[in-house]
*Asks:* 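Here it is: the structure, laid out below.
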Amino acid sequence: MLRLGLVVIMGVVAGVLAFHIPGLEVELLGEPSRGLFVFYSAAVPVALLMITSWLEESGPVSQLLATGATIGAGAATAVRLAIELVNSAPVITYPFFGVLFEDSLADERGWLAINALVAAIAAIAAFTSAGDDTPAAPDS
């Protein structure tokens, strides 16, 4: 029960923080950076999923914290990007290559949809691998 509580608490904390990452670019970099694509991506959940896989050989507490953070951040990022996806006019800026389709929201909506899906997959992958460390039943 303590393990579940630790994962849930970490998931909620990471979820709240990850939900606020899109939109943080204006506070950090100013108004000209509104809609910067990195802040509207699945980068945080994917990075947390990689950290979770690296911590497989570490102690159980660090595994639980990383798993909870990945589940929470992945779910919150997927929800936030889905909310941005159904927004009437999402704004995503790509400073290196500009827009793909002029006078269309297809590239913004495509970016948000793909990244919401990747974030959800990261959360599901962390959730399904959370119980992998249980010992196997002894043979009779």
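Heads up: numbering here begins at 1 and tracks the sequence.
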*Asks:* Given 3.5 Å as the limit, does a donor-acceptor pair link the side chain of T70 with the main chain of A126, or not?
*Replies:*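 Answer holds: no.
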*Asks:* Let me check something: do V38 and L28 share a hydrophobic cluster, defined by ILVMFWY side-chain heavy atoms less than 4.5 Å apart, either directly or through other members?
*Replies:*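 Yes, it is one cluster - the side chains of V38 and L28 are joined through contacts under 4.5 Å.
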*Asks:* In Å and rounded to the nearest 0.5 Å, what is the CG to CD1 distance from L49 to I124?
*Replies:*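 Reported value, rounded in 0.5 Å steps: 11.5 Å.
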*Asks:* Counting N and O atoms only, with roles assigned by atom type, does the side chain of E25 sit under 3.5 Å from a partner on the main chain of G30, one being a donor and the other an acceptor?
*Replies:*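 Pair absent, no side-chain N/O of E25 close to backbone of G30.
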*Asks:* State, to 0.1 Å, how close A116 and A82 come at their nearest heavy-atom pair, and which atoms those are.
*Replies:*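 A116 and A82 have their closest heavy atoms at CB-N, 4.3 Å.
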*Asks:* Looking only at heavy atoms, what is the nearest atom pair of A119 and A42, with distance?
*Replies:*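 Closest approach of A119 to A42: N-CB, 3.8 Å.
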*Asks:* Say whether M10 and V61 are linked into one hydrophobic cluster, either directly or through other cluster members, by side-chain heavy-atom distances under 4.5 angstrom.
*Replies:*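 Yes, one cluster joins them.
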*Asks:* Apply the hydrophobic cluster definition, ILVMFWY joined by side-chain contacts under 4.5 Å directly or through others, and give me every member besides I121.
*Replies:*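 Result for I121 is L117.
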*Asks:* Would you please test I21 and T77 for side-chain contact (heavy atoms from CB on, under 4.5 Å) and show each step?
*Replies:* CA-CA 8 Å; I21 289 176; T77 301; 5.8 Å; no
*Asks:* With rounding to the nearest 0.5 angstrom, report the CG to CG distance, L36 to L29.
*Replies:*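 Those atoms lie 7.0 Å apart.
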*Asks:* Donor-acceptor pair, distance only, cut-off 3.5 Å: does the side chain of E108 make one with the backbone of V91?
*Replies:*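 No; judged by distance alone, with no hydrogens or angles, the pair does not exist.
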*Asks:* Under the side-chain hydrogen bond (donor to acceptor under 3.5 Å, both in side chains) rule, what do T67 and T52 come out as? Steps first, then yes or no, please.
*Replies:* CA-CA 6 Å; T67 301; T52 302; 4.9 Å; no
*Asks:* Could you tell me the separation between the CG atom of L64 and the OG atom of S58, rounded to the nearest 0.5 Å?
*Replies:*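 So the gap between those two atoms works out to 9.5 Å.
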*Asks:* Ignoring hydrogens and angles, tell me if any N or O in the side chain of R34 forms a donor-acceptor pair with the backbone of V26 under 3.5 Å.
*Replies:*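 No.
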*Asks:* Side-chain contact test, heavy atoms from C-beta onward, threshold under 4.5 Å: evaluate it for L81 versus L85 and give yes or no.
*Replies:*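 A side-chain contact under 4.5 Å is absent here.
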*Asks:* Would you name the heavy atoms of P45 and A73 that are closest together and state the gap between them?
*Replies:*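 So the minimum-distance heavy-atom pair works out to CG-O, 3.8 Å.
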*Asks:* Can you find a pair of side-chain heavy atoms, one from F19 and one from I83, that are under 4.5 Å apart?
*Replies:*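 SC-SC contact between F19 and I83 confirmed.
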*Asks:* Counting only N and O atoms by type, is there a donor-acceptor contact under 3.5 Å from the side chain of T128 to the main-chain atoms of A125?
*Replies:*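 Yes; at least one donor-acceptor contact below 3.5 Å.
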*Asks:* Mind checking whether F37 and W111 have ring centres under 6.0 Å apart?
*Replies:*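 When the ring centroids of F37 and W111 are compared, they turn out to be within the sub-6.0 Å range.
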*Asks:* Hey, does L112 have a side-chain heavy atom less than 4.5 Å from the side chain of I92?
*Replies:*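 With C-beta onward as the side chain, the pair touches.
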*Asks:* Nearest 0.5 Å, what's the OG-CD distance between S129 and Q63?
*Replies:*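 Between S129 OG and Q63 CD, I get 9.5 Å after rounding to 0.5 Å.
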